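Keep in mind that what you see is a predicted model, and the values were worked out from it rather than measured.
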Amino acid sequence: MAETRYRQRYLDLMLNADIRQIFNTRANIISYIRRFLDNKRFLEVETPMMNIIAGGAAVRPFVTHHNDLYMRLYMRIAPELFLKQLIVGGLERVYEIGKQFRNEGIDLTHNPEFTTCEFYMAFADYNDLMKMTEDMLSGMVKELTGGYKIKYHANGYDKEPIEIDFTPPFRRIEMIGELEKVANLNMPKDLASEEANKYLIDACARFDVKCRPPQTTARLLDKLVGEFLEVTCVNPTFIINHPEIMSPLAKWHRSDNGLTERFELFINKHKLCNAYTELNDPVVKRQRFADQLKDRQSGDDEAIALDETFCNALEYGLAPTGGWGLGIDRLTMLFTDSQNIKGKPGRCGPNGSKKCDTEMKSPETSQKFVRCDCQDIKIASQDSYGCTCFTKLPCNK
């Protein structure tokens with residue numbers, strides 16, 4: 001069964017050639033990315049995995065403890081702030097391929113430990129990065145598969161696969177303009193205002209879009225974008241020009257007030273890439289961090305924390321820079337036709353047709369449980385050390 005295949009991976013590899021092929025494909029993807037960036041004169045570096053401040057992304061971190069220093073440390077959630085400090089130091093093109101650790105939900109496309117590639121390029125902006133993204137991914141698909149189109153069982157192995165076309169150029173849609181058009185909204189111009197927050201709360205209620213507290217404007221917008229825009233992004237699509245309140249590390253848009261020069265790449269309705277023209281003004285950066293602090297004080301524990309060391313580095317001068325990040329595990333899912341970010345064991349029926357490990361949450365309690373279509377229900381709880389334990393119960397279906 002699926003659990004045995006995950007826990008004794010060596011047996012899975014021993015018996016299933018398609019699982020071994022996943023390892024090969026993943027290695028080929030990483031090799032292509034590394035070769036692509038090396039050919040553009042990027043320097044590969046390594047940055048710390050444990051930090052005093054969890055910076056670079058709006059997520060909850062894992063916490064650990066350094067015994068000798070008697071200090072709380074955070075596992076890395078993103079290498080971004082360290083890589084930009086290397087740009088300040090004069091290394092104009094740097095990248096890192098490595099693990100990130102984010103203390104968030106587990107489902108078919110999310111894993112607390114995952115691999116990313118991030119690069120930072122001086123004297124580039126988000127337009128340059130969109131072109132590089134198109135060149136990298138379309139070239140990768142062409143080299144690994146022989147063409148620009150792949151088949152993917154997005155709706156399960158018992159359904160017909162969809163076709164995903166990586167032929168450049170990729171589709172581009174404006175976040176706010178397209179959201180207003182598709183959802184028939186007319187949002188206030190000042191998205192940082194109380195008026196905008198109340199408008200979006202009402203919009204979510206009208207469309208029955210759930211957003212758990214704290215209902216900050218950034219979180220509300222993110223939920224609405226997921227409901228109306230992300231679901232349209234099957235072929236590679238750039239959602240561009242995010243509001244400043246959603247992008248504290250991105251530079252303001254050169255022509256549209258209140259927006260930033262940022263894009264996210266979605267494929268098969270899931271985000272694979274996030275990039276932007278970097279905010280390099282230390283005064284504005286501190287103000288953005290202060291705004292994030294307000295969200296944190298209102299209960300948003302995923303808001304980005306102030307990193308004074310990084311702000312000090314900016315005062316020495318960060319060249320105009322483009323920053324880019326890609327989730328390698330999700331990209332591997334597409335190339336290997338995997339339903340689960342952990343690999344193929346999500347196919348657990350006798351004919352490989354059923355999916356497992358769909359996470360749900362009880363509406364009455366915060367207790368999570370995972371229903372497996374073929375066998376059982378697993379109840380998740382936390383022990384006194386904060387570790388998640390699973391208890392199997394017979395399936396009553």
For side-chain hydrogen bond (donor to acceptor under 3.5 Å, both in side chains), just list the numbers for Arg76 and Thr47, CA-CA rounded to whole Å, side-chain angles, deciding distance to a tenth of an Å, and then say yes or no.
CA-CA 9 Å; Arg76 182 172 73 183; Thr47 59; 2.9 Å; yes
Residue pair Glu80, Lys84: steps toward the salt bridge (Lys or Arg N to Asp or Glu O under 4.0 Å) verdict:
CA-CA 6 Å; Glu80 175 170 348; Lys84 282 190 277 195; 2.7 Å; yes
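Classified by interplanar angle (parallel below 30°, tilted 30° to 60°, perpendicular above 60°), the ring pair Tyr32/Phe36 is parallel. Relative ring orientation between Trp324 and Phe119 is described as parallel, the plane-to-plane angle staying below 30° on a 0-90° scale split at 30° and 60°.
Comment: Glu278 does not engage Lys285 in a salt bridge, judged by the lack of any side-chain N to carboxylate O separation of less than 4.0 angstrom. By the 4.0 Å N-to-carboxylate-O rule, Asp125 lies too far from Lys251 to be salt-bridged with it. Asp329 has a carboxylate O that lies under 4.0 Å from a charged side-chain N of Arg26, or vice versa, which qualifies the two as a salt bridge.
The backbone N or O of Thr109 lies less than 3.5 Å from a partner atom in the side chain of Arg330, making a donor-acceptor pair. With hydrogens and angles ignored, the 3.5 Å screen pairs a side-chain donor or acceptor of Asn111 with a backbone N or O of Glu113. Using a distance-only test at 3.5 Å, with no hydrogens or angles considered, a donor-acceptor pair links the side chain of Asn39 to the main chain of Arg35. For Asp256 (side chain) and Leu259 (main-chain N/O), no donor-acceptor pair under 3.5 Å exists by modelled atom type. No donor-acceptor distance shorter than 3.5 angstrom exists from the side chain of Ser31 to the backbone of Ala27, with no hydrogens or angles considered. Between the side chain of Gln21 and the backbone N or O of Ala17 there is no donor-acceptor pair closer than 3.5 Å. Side-chain atoms of Asp38 never come within 3.5 Å of backbone atoms of Leu43 as a donor-acceptor pair (strictly under, hydrogens ignored).
Residue pairs satisfying the side-chain hydrogen bond (donor to acceptor under 3.5 Å, both in side chains) criterion with at least one member in residues 305-317, sequence neighbours excluded, are listed as follows: Arg286-Glu308, Arg286-Asn312, Arg286-Glu315. The list of side-chain hydrogen bond (donor to acceptor under 3.5 Å, both in side chains) pairs with a residue in residues 191-205, not counting sequence neighbours, reads Asn197-Thr217.
Remark: Lys99 fails to qualify as a cation-pi partner of Phe101 under the 6.0 Å distance and 45° angle criteria applied to the six-membered ring.
Judged by distance alone, the side chains of Thr260 and Glu244 never bring a donor and an acceptor atom under 3.5 Å apart.
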Show me the donor-acceptor pairs within less than 3.5 Å that the side chains of residues 234-242 make with the rest of the protein, sequence neighbours left out.
residue	atom	partner	partner atom	Å
Asn235	OD1	Asp165	N	2.8
Thr237	OG1	Asn235	O	2.8
Asn241	OD1	Tyr126	OH	2.8
Asn241	ND2	Glu174	OE1	2.9
Asn241	ND2	Glu174	OE2	3.0
His242	NE2	Glu264	OE1	2.8

